[in-house]
Every structure is written in structure tokens, then in C-alpha cells.
There are 2 protein chains.
Amino acid sequence: MARKTGSHSDITGPKVQDAALRLFARDGFAAVSMRQIASEVGVQAGALYNYTPDKQTLLFSLLKGHMDELLSQSPDAIPSHLSADQALAAFVEFHITYHIDRSDLVFISYMELRSLEPANFARIEAARRAYEDQLEAILRRGQADGVFRIEDSKLATLALIAMLTGVTNWFRRGGRLQIDDVTRHYVQMALRIVGADKQ
Amino acid sequence: MARKTGSHSDITGPKVQDAALRLFARDGFAAVSMRQIASEVGVQAGALYNYTPDKQTLLFSLLKGHMDELLSQSPDAIPSHLSADQALAAFVEFHITYHIDRSDLVFISYMELRSLEPANFARIEAARRAYEDQLEAILRRGQADGVFRIEDSKLATLALIAMLTGVTNWFRRGGRLQIDDVTRHYVQMALRIVGADKQ
DNA sequence: GTCTATATTCCGATAGAC
DNA sequence: GTCTATCGGAATATAGAC
């Protein structure tokens, strides 16, 4: 079926998101112009406004989509057949493998929160906290079961998240380490942090 | 001694740096205008150019000053009377206490590196790597002494730095935890990561 | 759906008076 | 050292032709 010339909404739409993500991560939201995004996509600036009402909403939709997918793919409850240390290992593996090929999204999710209007900011922050709460639930379960030796589960949660997400800052495919190596080491470090390593 | 009206270089200079740091951290380098900075300082935009040749150099001088002071205050060698675990504990305490009241600098040092010209970027990156090498030296010493059980000292260094620096993202003075509480917990977690905790 | 053209605003940086 | 004024350019977003 031939398509009318100049009608490419199902192609152009994702290209706009991809280009915006890449450019926002590379240069920062404020430094990227709508003309730059349009140029990457291969259209003129005016055409972008068929896909987003404004630049701010374009950023928000990227971050919202990221958090929604993260929350939909992460196990929202601890499977009952797993012990706390097994659940923690699974969380570490999930977190690293999910984020490792999304370093651009991780970067702008952390950095361009401030570029969001307050209402949009609040929605992203709430999603992030919900995700962190999943990890803290694992730590509390390990505390309760006597498997983990943690004094402050909130502090340990924040320390773990920072350690794990930091991988996206330096990991490069084809580098010295494979993803499996990285997850194995980080699982061990995570178990050690909570006092559950098997020596 | 009376001062000539309109002459305030020793007062205005630091105010320019302070205002630029705060605004860059809040809104991002590209989003902040020289007019905004001038307005914060209480002068007109043109007057800023008595203190910096351009906006880019203003950012670089902030980051360079930060790294220079960090490197000058951190112990550049491991005191010989300290064991590796004592040296690690000292590093953790230094890193947290140094950075905890400099969250703006930490933030822009991580985020606005990309806003630097390549030559300036390289200088900041080199300083950052030199700092990380100080931590890795401690880990290698612990490995050699048999005090630490680490498979990959580079990986452990990156994990530790990420975990420790993450404190600046959430710590607030007057909050639930005092700095001493935070450092105590993080020293324990750091020792656990390297396999040197005393159970 | 995309284009061209444009209204409006703001930017970094400089020149010259005081 | 700070001011006012300004140059040259680029920004977001919109209007209307096709």
C-alpha cells in the first residue's frame, strides 16, 4: 500500500524520541535546540510540533516512558520461593542488565529532573521512589529473616542503588569485562554490603 | 581606608564564582545566562567580563578549583603506620566529609564535564583519575597484605566511589542522620565490600 | 504531515562613557 | 570596575501554503 508523500507519523515519531534522547544526554536539555533535533530526524523544526506540544513535554515523555518500563519489567514483589539473598542477587542482576544499555536514559533521568516543571518532576520522583522501595523491601525481609546484618535499611538501599547505577558511567561493551563478569562481581559486593556473603 | 566607588574586585570576584556555581548546579550550564549570573551578583552583564574571559572559562575555573583542592586535601600517600583497612576507613571518612557540603560542585563536576572544551575536559578527567587511583592504591595494598579479599581492584574502586559520592544526592543537614552516623555506616559497608569487615 | 516564513524574545560578547 | 547601549545571531513556537 502506497503511502502519501510527506506522511510518516509512525516512522518519524520514534525517530524524534531517539534523536531527542541522544542529544539531551550528550549536550543537555537546555543546550539542545528543536532545530538540532529536527535536523537529526531529517525534517524541519516546525514538523516536530506534530509529535510534541513543546520541548518540555518531549523530555518528560522520555523520562516517563523510562520509569514506566523499568517498573513494569522489575519484579514488583519478592517471589516466595526465593530467600532474601537470592532475591537480592536477582535484583542486582536485573538492575545492571536493564540499565547497562540505557546509559543515556539513566543519565538524563538523573540530570534533567531539574529541567522538568514541578508537576512532571513529582511524577518521575514518585516512580523512582517506588523502584527503590522494591529493593528496600528485599533488605527488610533479609533483616527479618536474620539473613542480612543491616543497621539501616534505607541507607543500605541508597548505597546499593548508587553503586549499581554507577556501572552505566564506565561500562562499555567490548571492553575488559563482559556483562556477566560485572554482574557476578556486583552480586558479591551487594551480598557483602548486607552482610550475607558466604565468605 | 575608603574605597573608590565602583571598585569591588575582591568582593565581586568570589560572588561571581558563587553565583555561577549555584545557578549551574540548579539549572545547568547551558540554561544559565550571563545576565542571570550578573543579576545574582548585583551587577550588569558586561561587568562579569572583568572576572572571566567567557562563560566556558567560568565553568572550567569552578571545576578546576574543585579538583585542585580535593587533591591537595586528600592524603596523597598511605601513611605507613596505617594498615590497609585503617587507610580505607580514613579515605571513606575523608571522601564523605569533604564532599557532603559541596554537593553543587559534585553535581556539576559529574554533569557538566561535557560542557567543557576537549582540552579542559581532559585536564579535569586526569585529576579525577588521579584521585580514584589513590583509592585503588589502598585496595591493592590490602590485596597484597592479604587483608582484603578483592578479585578486581579497579571494579571495586569504581563501585566504592559511586557508593560514597551518592551520599551527596540525598544527605541533608538536620535530617534523620548526622554526618558521623553516615560515615560510620559507610565505613562498615566499604570494609564489607572489600571483604575486611570484622563480622 | 511537512514545508517556509516569521513574530518575539533572549543570548554572548564588545565598545565606550564615567 | 561598572555602567549603558548595541551588534549579530539563535532560540521557541506559531501561521498558513501545499
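Chain letters run A, B, ... following the sequence lines, proteins first, then strands; residues in each count from 1.
Separating the CG atom of B/Asp54 from the C1' atom of C/dT14 is a distance of 13 Å, rounded to the nearest angstrom. Per the geometry, CG belonging to B/Asn50 stands 13 Å off C1' belonging to C/dA13, to the nearest Å. We find that CD1 of B/Ile37 is positioned 8 Å from P of C/dG12, with the value rounded to whole Å. Atom CD in B/Gln36 sits about 7 Å away from atom P in C/dC11, given to the nearest Å. Distance B/Leu48 CG to C/dG12 P: 10 Å, rounded to the nearest Å.
Residues of residues 21-33 of chain A that place a heavy atom closer than 4.0 Å to DNA chain C do not occur. Using a 4.0 Å cut-off on heavy atoms, the residues of residues 55-65 of chain A that approach DNA chain D are A/Lys55, listed by number.
In terms of the salt bridge (Lys or Arg N to Asp or Glu O under 4.0 Å) criterion, B/Arg172 has no residue partners (sequence neighbours excluded). Residues passing the salt bridge (Lys or Arg N to Asp or Glu O under 4.0 Å) test with B/Asp76: none are found, sequence neighbours excluded. Checked against side-chain hydrogen bond (donor to acceptor under 3.5 Å, both in side chains), B/Gln56 has the following partners two or more places apart in sequence or in another chain: B/Asn120. The side-chain hydrogen bond (donor to acceptor under 3.5 Å, both in side chains) search around A/Arg129 returns none, not counting sequence neighbours. Considering only residues two or more places apart in sequence or on other chains, B/Asp145 meets the salt bridge (Lys or Arg N to Asp or Glu O under 4.0 Å) condition with B/Arg141.
Residue pairs satisfying the ring pair (Phe, Tyr, Trp, His ring centres under 6.0 Å) criterion with at least one member in residues 140-179 of chain A, sequence neighbours excluded, are absent. Residue pairs meeting the salt bridge (charged side-chain N to carboxylate O under 4.0 Å, His left out) criterion with at least one partner in residues 45-64 of chain B, sequence neighbours excluded, are B/Lys64-B/Asp68. The stretch residues 12-27 of chain B participates, sequence neighbours left out, in these salt bridge (charged side-chain N to carboxylate O under 4.0 Å, His left out) pairs: B/Arg22-B/Glu40.
Summarising the local packing, CD of B/Gln178 is surrounded by 12 or fewer heavy atoms from other residues, nucleotides or ligands at distances under 6.0 Å.
The phosphate of D/dT2 (OP1 or OP2) has a side-chain N or O of B/Thr12 nearer than 4.0 angstrom. Regarding contacts with the backbone of D/dG1, every side-chain N or O of B/Tyr49 stays at 4.0 angstrom or more from both OP1 and OP2.
One finds no salt bridge joining A/Asp181 and A/Arg176 here, because no Lys/Arg side-chain nitrogen approaches an Asp/Glu carboxylate oxygen to under 4.0 Å.
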So which protein N/O to nucleotides 3-9 of chain C N/O distances come out below 3.5 Å?
| residue | atom | partner | partner atom | Å |
| --- | --- | --- | --- | --- |
| C/dC3 | OP2 | A/Gln44 | N | 2.5 |

Can you give each donor-acceptor pair under 3.5 Å made by side-chain atoms of residues 153-162 of chain A, sequence neighbours left out, with the distance rounded to 0.1 Å?
| residue | atom | partner | partner atom | Å |
| --- | --- | --- | --- | --- |
| A/Ser153 | OG | A/Glu136 | OE2 | 2.9 |
| A/Thr157 | OG1 | A/Ser153 | O | 2.7 |

